[in-house]
Structures are given as structure tokens and as C-alpha cells.
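Scroll down for the structure; my scribbles are underneath it.
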Amino acid sequence: MPSMAANNFSRNTQYHQAKGDFLARKQKYEQQRKNLPIAAVERRLVEEVRNNDTLIIVGETGSGKTTQLPQYLFKGGFCRDGGIIGITQPRRVAAITVAKRVAEECGVPVGQKVGYAIRFEDVTSGETKIKYMTDGLLLREALLDPYLSKYSVIIVDEAHERTIHTDVLLGLLKNVQKARSKSINGVVNTDLNNSNNGHTFEERIDNQNTGILKPCQAKKYNPLKLIIMSASLDARVFSEYFGGARAVHVQGRQFPVDIFYTHKPETDCIDAALITIFQIHLEEGPGDVLVFLTGQEEIESVERLIHERLRQLPECSRKLLTFPIFSSLPLNCLRKLLTFPIFSSLPSEKQMKVFMPSPAGYRKVILATNIAETSVTIPGIRYVVDPGLVKARTYDPKMGVDSLIIVTTSKAQALQRSGRAGRDGPGKCYRLYQESFFEKLPDSTLPEIKRCDLSNVVLQLKALGIDDVINFDFIEKPDRTAVVNSLWSLYLLGAVTEDNKLSDVGHQMARLPVDPVYSKALIVASQFGCLKEMLICVAMLSVESIFYAPREKLEESRNALKSFASPEGDHLTLLNVYHAADEFFQKNRMVNSEEKAEKNLRKWCKDNFINSRSLKHARDIHSQILRNVEQMGLRVTSCEDDMLLLRRCLAASFFLKAAMKQPDGAYRVTLSGLIVQIHPSSVLFRAKPECIIFNELVHTNHSYVRNVSRIDYLWLIELAPQLYAAQD
DNA sequence: TCGATCATG
């Protein structure tokens with residue numbers, strides 16, 4: 001604390017300076033806001049929203065639509081009846097950063113007039129009128145408030161990305177809007193119930209009536225204004241889906257980007273990328289380079305090759321430059337190149353390095369996955385190298401297999417990538433394929449809803465009162481088999497009844513923010529008396545890989561794992577890790593501050609080859625679902641040391657994914673007949689027990705099962721008789 | 001003997 005004597009004067013000056021800063025900042029914001037392309041059409045936009053219940057806004061990058069439109073609508077009186085303006089984003093960081101920016105522009109602290117809400121974090125209050133949130137969170141809100149009654153306007157931003165949440169949300173909002181306008185006009189909806197005697201399961205799901213929300217008579221709602229914002233040039237899909245809704249176009253502000261193609265097809269993408277990187281480095285003007293690669297392994301090998309080739313350059317440029325070393329190099333060194341990898345599983349302090357400005361005379365080369373396409377915006381990029389490939393996830397609903405395969409990008413993706421070169425000035429994009437090849441690319445990427453397991457979506461929709469999921473008015477219909485299979489597994493889990501309605505258990509499951517198999521496991525565990533342990537298992541199974549094994553320290557990481565490993569399998573191993581981490585944290589917490597204890601926990605993770613980001617996430621999920629099950633009135637009891645009981649409970653929960661050992665040591669999945677191997681990262685990789693349950697089936701070089709535990713086949717007959725019968 | 005793109009509640 002400064003002494004009182006010196007204080008009077010300095011406090012005054014600080015006060016004046018702070019006030020001056022505030023005014024200057026406010027003026028600066030006003031100037032910036034006025035200069036945005038969208039500012040020129042403010043009045044027209046507000047009029048359009050007033051005159052149309054649904055509006056499509058196509059806004060190019062840099063138009064300012066995300067930050068400005070909600071402010072225009074607030075000013076235009078759309079919150080006057082007490083309603084609020086909700087804006088959804090596909091990603092959490094976007095929701096947070098945009099909310100902070102808008103709050104600053106309004107000169108208010110976040111959480112008052114302007115706020116945001118994401119999982120684990122609600123920074124809103126009774127005063128909040130402009131609320132940014134993730135699309136997944138709004139879907140969750142709909143479960144508690146099916147008419148989304150507190151919103152007068154909902155803006156779905158980045159709709160062109162077509163995340164699974166956005167697609168479900170669009171269908172839902174269409175229903176909500178219809179129901180709310182009917183509640184005003186007083187039209188009564190006759191909701192017919194069908195009988196389904198003598199029909200097969202498949203026929204029954206076909207014969208259901210379309211379930212839309214019943215207009216509520218007791219309470220009148222204001223009509224819901226719906227705004228769909230997209231960056232794709234083609235607004236037709238959205239407009240048609242919303243019954244020919246009006247679409248308006250808002251100009252963006254981007255610098256021009258020159259596109260270059262190769263003359264002939266490239267056979268070796270890595271080599272072509274390397275040649276291009278050096279060509280840019282040696283022949284082009286200043287500016288950083290962004291290279292799109294498919295995965296961690298490719299990034300690491302390109303990084304290695306760049307440094308190798310740097311060493312082969314003539315004397316004056318022959319320096320291997322990684323960040324902290326550059327200061328020792330002579331400043332007149334002509335060829336200065338720094339490489340920075342970025343991908344999602346990279347520890348965040350290493351990710352942050354890409355944002356440091358390149359030191360004078362140096363050129364940054366950023367080697368990125370598609371994380372740099374939308375999630376992360378790096379300033380200073382003038383050159384983009386795009387080999388035109390991406391690692392994409394696909395899902396086989398028949399077999400329940402996830403695969404990650406390298407495929408070509410879509411035209412929209414290529415455009416998005418090249419746009420990354422034109423944010424700070426005119427740029428250049430080098431596509432490592434021929435122009436004729438570009439013409440043949442698909443216009444846009446396959447929406448996520450066509451590429452993943454739908455049991456969660458189906459469960460959510462049913463919980464929202466939409467029973468006929470097959471005929472639900474999706475903007476793009478998911479594959480029929482994917483829906484049917486999800487319904488089938490929900491039926492086997494007891495979430496859906498024989499007549500295809502949500503059961504009581506199903507309603508309970510829908511309240512829990514985890515995958516249906518996991519929410520069922522929590523309910524089963526409460527009956528077995530091991531919910532305390534299952535909460536931990538589910539939290540640990542819900543996050544990315546907990547173990548971190550860098551190639552150069554394989555032996556060490558293997559030894560670290562040994563201290564947690566259980567001979568019964570990965571589930572008990574994960575439980576051991578969680579307990580060990582929690583014990584370490586609680587002991588630390590007694591003598592240290594929360595912050596210090598968190599920091600020590602991160603150190604503990606590093607020493608034990610555990611991914612601290614994943615563990616943190618698991619601990620967050622754990623506390624959230626613990627709260628949830630307590631609210632639901634489930635008894636949280638522990639089975640203490642009775643691991644047999646816990647394993648029986650695992651069998652009773654995960655019976656849909658079981659496999660039997662074959663004479664050759666491979667495994668045969670009981671339901672699909674698929675032949676798989678236990679993943680080498682599993683503690684059971686060598687032990688090879690007769691019968692296992694597992695949580696994940698992924699196909700890379702082989703079909704592998706991950707998160708595996710040893711069980712007794714007889715348990716399946718006993719605990720899942722609907723699927724398993726005694727063999728003679 | 002494996003390497004996982006990106007997200008979300």
C-alpha cells in the first residue's frame with residue numbers, strides 16, 4: 001500500500017487520467033463502430049427485423065454483424081416488453097470474447113446489460129438484455145423452458161458452419177416460433193395420439209404424428225423474432241427452410257487475396273508445402289505464413305523438415321531458430337524464420353506463442369490444423385499455404401464405428417482458409433492443387449448431423465416433446481438408419497418405451513448433460529450403490545484422453561501409468577487416477593490457496609504424464625453432474641472397496657458394447673460381429689481377458705476398442721437379458 | 001504396439 005502522504009496528489013491524477021482514458025476509449029469505440037460496413041445499414045436492418053419474423057443475414061467477414069446487430073436491436077426497442085436478445089455461437093471462446101467486447105462498447109461490466117453463458121459459467125443477471133451463449137447451451141435451456149419465453153429475439157450466428165447443435169436448434173426454433181405466434185392468435189392445436197397395436201418397431205416410428213409444441217393457452221407469448229446469420233454466400237438453403245424468409249446481404253471488409261494454383265497435381269503434399277514455404281520466405285515481402293496441415297504428426301514432421309532445410313541454406317541464414325534463441329543471433333542475418341505449431345491438444349501455454357508478434361526481421365511460419373480456420377485467429381498472416389486436405393470424422397451407424405480419415409476440403413473451407421491471409425492487408429494464398437481440381441470440390445462440408453451418432457439428439461428432441469424424430473423437419477435430414485439405430489439403442493437402454501415414447505428413465509437421462517449411455521450408467525449405479533464411483537468414471541470417460549505420452553518419453557510415461565493401473569481394466573484405472581489427483585489436491589488445499597493448489601495439481605499432472613487440461617475438464621464435469629444427480633434425488637453412495645460390484649455395474653450399463661476373445665486373440669463385438677483389437681493404450685492390451693465391455697470403437701489402421709474393462713459373460717445374461725440369452 | 005481434426009452440454 002502506498003503511504004497516505006504521497007497519496008492525495010497521485011490519486012487525483014490517476015482519477016483524471018482514468019476518466020480521460022474512459023472518454024478516449026469511448027470515442028475510439030464510437031468511431032470504430034461508425035466505420036463498420038454494417039453501420040451504414042443500421043436503420044434498414046432494424047426495419048427489416050420489425051417487418052419480418054424471420055430474417056436471414058448474409059454477412060461477410062469483418063462486417064461487424066455479431067457485435068453490432070444486437071446493439072441496434074436493443075436501441076430499436078426489441079427488449080421493451082422485458083424480452084431479451086439471445087445470440088448463439090458454435091464455440092465457447094467466441095461467446096465470451098464477443099460478449100466482453102460488446103460490454104466494453106456499451107461501457108458496462110460484463111454480466112449486467114450484456115452477458116454470456118456457457119457450460120460451467122453463467123455471467124448474466126436479471127439486468128441482462130443482450131446474452132451471448134453457445135448453441136448447445138440454448139438447446140439445454142429449451143428443456144427447462146420449451147417456449148424460450150424470455151427471449152424476444154434469437155440470433156443464430158455462424159449458421160453456415162452447420163454444427164449439430166445449430167441444425168437441431170434451427171428445427172426447434174421453427175417450432176417455437178410457430179407455437180408462440182399461434183398462442184397469440186389463439187389457434188388451438190389438436191395433438192392427436194396414435195395407437196400402434198400390432199405394428200413392428202420400425203412401423204411404429206413411421207406412423208407417429210409430427211409432434212410440435214402445443215400452443216400454450218394459459219399464457220400468451222410475444223412472437224419470437226428469428227435471425228439466422230451466415231457467412232456463406234448462399235442464403236437459399238436457410239431462406240427456403242424458413243418458408244421463403246427474406247435474406248439481406250451485408251458487405252464485409254476484407255483485403256483482397258490473390259489465389260495461386262499449381263500447374264500439375266502434387267503427389268507429395270508435405271514436400272510441396274515445404275517448397276512453397278521456402279519460396280515465400282525467400283522471394284516474398286514481409287508477412288507471416290499460415291500452413292494448413294491435417295494433424296499433429298504431420299505438423300511435427302513438417303516442422304522438423306523446415307529446420308533441416310534451414311540448415312542447408314547458405315551460411316548467413318543457417319541458423320536453427322526457435323523462439324527464445326533468436327536474441328543471440330546477429331541482427332543482420334538475412335533469413336530469419338520461426339516455426340510455431342498449433343493444434344488443439346497442444347498445451348495452452350504453447351498455443352499462446354503463435355500470438356506473439358514476430359521480432360523485427362523475422363518471419364513466422366504457423367503450422368496449424370483446421371483450428372486456425374475458425375477457432376483461432378492469428379494476426380499478421382499475409383500468406384496461406386493450403387494443401388486442400390483435412391482430417392474429418394465419419395461415423396458408420398450400422399457398426400457404430402467412428403473413423404478419422406483424410407479427405408479433401410470443400411470450396412467453402414478453401415475460401416475460409418484463403419480469407420485468413422486478408423485480415424491485416426492484401427494477401428496471397430497458395431493452393432497446392434490445380435484450379436480444375438478446385439472446381440470439382442463439393443460446395444460445402446457435409447453437415448455434422450450426417451456424420452455422427454444421434455442418440456443424444458434423439459433423446460433431446462423426445463424430451464422436448466418431439467416424438468416423431470424420423471419425420472422431424474430438419475434443415476437437412478440425417479440418415480434414416482442413423483436415427484433408427486439411435487432409437488433402437490435408446491430402447492435397449494430403457495429410455496424409450498415399446499410404443500416409442502420417452503420413459504420416466506428417459507426423462508431423467510435427458511436432464512443429465514452427458515451421452516445417453518453415461519446418463520443411464522449413473523441411474524443404474526444409484527441402484528447398485530456405487531454412484532460415487534460411477535460419477536467419476538463418467539466424468540473421466542467424457543473427456544479427451546487423460547494420459548499424455550510424448551514419443552520421446554515413452555518409457556517414463558509407461559512407468560507413470562503403472563502406479564495407477566488396475567488389472568481389471570481402464571475404468572478402474574481412471575478411477576485410481578481421479579482419486580490420486582483429488583487426494584493430492586485436497587491435501588494441498590489445506591495449506592495453500594485455491595490458486596496455488598490448482599497450480600501444484602498441474603505440476604503433479606505433468607510429473608505423472610497426465611493431461612492437465614483433460615483432468616480439469618473431468619473435474620468440472622464431475623462437480624456439475626454431481627449437482628445434477630443430487631437435484632434429481634438420486635442417492636450418491638459409495639461401494640467403497642467392492643470393485644466387483646462396480647464392474648458388475650459397468651456391465652449392467654455398457655452391455656451394448658461388449659466383445660468376446662477369439663482363438664487368435666482378436667475380439668468379436670457381440671452385437672455387430674465386428675472383429676476388433678484392444679487399443680495398445682489400454683491397460684488390458686496384453687492381458688486379453690475372455691470377455692470385455694468397452695466405451696469407444698475407432699477405426700484407424702485397425703479397428704480398436706478403447707476404455708476397456710474385464711467382465712464375466714454370465715453377468716451380461718443376468719443383467720441385460722433383453723439382449724443376451726444363456727447358451728444352452 | 002497407437003498416435004485424436006474441431007466443437008458442445
Side-chain angles (χ1 to χ4, degrees), chain A residues 88-95 117-122 133-144 158 161-169 292-301 342-346 368-376 389-394 402-407 409 413 416 445 447-449 451-452 456-457 459-460 463 509-516 518-519 538-539 542-551 554 557-558 611 614 617 620-621 624-625 627-628 665 677-682 685-686 688 696 698-706:
Chain A
T88 71
Q89 295 290 326
R91 280 169 295 278
R92 301 158 56 115
V93 264
I118 56 174
R119 189 185 192 179
F120 311 130
E121 218 186 333
D122 184 353
M133 68 201 122
T134 47
D135 44 15
L137 192 109
L138 186 60
L139 272 179
R140 281 270 147 198
E141 270 188 19
L143 284 177
L144 302 172
E158 314 286 5
E161 285 190 30
R162 302 292 304 279
T163 67
I164 191 159
H165 290 133
T166 295
D167 272 22
V168 176
L169 199 55
F292 283 101
L293 298 165
T294 56
Q296 178 176 356
E297 209 172 50
E298 203 175 275
I299 286 174
E300 282 165 357
S301 69
I342 184 166
F343 44 89
S344 79
S345 61
L346 194 72
T369 59
N370 39 351
I371 193 172
E373 240 170 53
T374 47
S375 311
V376 169
L389 298 171
V390 65
K391 199 175 268 182
R393 177 207 190 104
T394 58
D402 264 320
S403 326
L404 281 161
I405 44 167
I406 294 172
V407 294
T409 61
Q413 233 173 338
Q416 175 71 25
T445 317
E448 198 184 0
I449 202 160
R451 304 185 270 124
C452 63
N456 212 1
V457 167
L459 184 69
Q460 296 292 312
M509 286 168 63
R511 286 183 60 182
L512 292 160
V514 289
D515 284 341
Y518 296 147
S519 51
V538 165
S542 298
V543 301
E544 294 286 286
S545 173
I546 283 283
F547 298 104
Y548 170 68
R551 210 163 284 212
L554 213 59
S557 61
R558 221 170 265 163
N611 184 331
S614 298
H617 194 193
D620 284 342
I621 293 176
Q624 188 186 33
I625 57 181
R627 247 194 339 268
N628 290 145
Q677 315 272 340
I678 294 182
H679 195 275
S681 65
S682 168
F685 175 62
R686 273 170 212 287
K688 291 203 192 323
E696 260 178 275
V698 289
H699 185 89
T700 49
N701 289 325
H702 277 104
S703 288
Y704 289 107
V705 290
R706 294 181 71 228

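Because only heavy atoms are used, hydrogens play no part in the values below, and waters and symmetry mates are left out as well, while side chains stay in. Letters go in sequence order (proteins before strands), and every chain restarts at 1. The structure presented is a predicted model; accordingly, all values stated were derived computationally and were not measured.
OP1 or OP2 of B/dG9 lies within a sub-4.0 Å distance of a side-chain N or O belonging to A/Arg92. Under 4.0 angstrom from either OP1 or OP2 of B/dG3 there lies at least one side-chain N or O belonging to A/Asn701. For B/dC6, one of the phosphate oxygens OP1 or OP2 lies less than 4.0 angstrom from a side-chain nitrogen or oxygen of A/Ser344. Remark: A/Ser681 is not in phosphate contact with B/dC2, judged by side-chain N or O atoms under 4.0 Å from OP1 or OP2. Taking only side-chain nitrogens and oxygens, A/Thr700 comes nearer than 4.0 Å to OP1 or OP2 of B/dG3. At B/dG9, one or more side-chain N or O atoms of A/Thr134 fall inside 4.0 Å of OP1 or OP2 (strictly under the cut-off).
In this structure, the ring pair (Phe, Tyr, Trp, His ring centres under 6.0 Å) partners of A/His679, at least two apart in sequence or on a different chain, are A/Tyr704. Every residue was checked against the side chain to side chain donor-acceptor pair (under 3.5 Å) condition with A/Arg511, not counting sequence neighbours, and none meets it.
Pairing each heavy atom of A/Ala510 with each of A/Gln460, the nearest pair is O-NE2, 3.7 Å. Residue A/Phe292 comes nearest to A/Glu373 through the heavy atom pair CE2-N, 3.8 Å, listed as atom of the first residue, atom of the second, then distance.
Atom CD in A/Glu298 sits about 10 Å away from atom P in B/dT5, given to the nearest Å. Regarding A/His617, its NE2 atom lies at a distance of 11 Å from the C1' atom of B/dA7, rounded to whole Å. The nearest whole Å value for the distance from the CD1 atom in A/Ile371 to the C1' atom in B/dC6 is 8 Å. For A/Phe685 and B/dG3, the CZ to P distance is 11 Å, given to the nearest whole Å. In this structure, A/Ile118 places its CD1 atom 13 Å from P of B/dA7, rounding to the nearest Å. The separation between A/Leu404 atom CG and B/dC6 atom P is 10 Å, rounded to whole Å. Nucleotide B/dG3 holds its P atom 14 Å from the CD atom of A/Glu544, rounded to whole Å. Atom-to-atom, CD of A/Glu158 to P of B/dC6 comes out at 18 Å; the value is rounded to the nearest Å.
Within 4.0 Å (heavy atoms only), A/Arg162 reaches no atom of the nucleic acid at all. A/Arg91 comes within 4.0 angstrom of the backbone, heavy atoms only, and of no base. Contacts of A/Phe120 with the nucleic acid, taken as non-hydrogen atoms under 4.0 Å apart, are absent. Within the nucleic acid shown, A/Leu554 comes within 4.0 Å of at least one base atom, counting heavy atoms only. Heavy atoms of A/Glu696 sit under 4.0 angstrom from at least one base atom.
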Item checked: A/Glu297/A/Lys391 under salt bridge (Lys or Arg N to Asp or Glu O under 4.0 Å): CA gap, chis, key distance, verdict -> CA-CA 12 Å; A/Glu297 209 172 50; A/Lys391 199 175 268 182; over 6 Å; no

Checklist line | Chi angles and distances behind the side-chain contact (heavy atoms from CB on, under 4.5 Å) call for A/Glu544, A/Asn611 | finding: CA-CA 9 Å; A/Glu544 294 286 286; A/Asn611 184 331; 5.8 Å; no

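Which of B/dC2, B/dC6, B/dG9 sits closest to the side chain of A/Arg140 comes down to B/dG9. Residue A/Pro680 places its side chain closer to B/dC2 than to any other of B/dG9, B/dG3, B/dC2. Nearest to the side chain of A/Ser375, among B/dT8, B/dC2, B/dC6, sits B/dC6. Comparing B/dA7, B/dT1, B/dT5 by their closest approach to the side chain of A/Asn370 singles out B/dT5.
Summary of the strand contacts: A/Arg451 and A/Asp515 both lie near DNA chain B, and taking for each the nucleotide with the nearest heavy atom, the more 5' one is attributed to A/Arg451.
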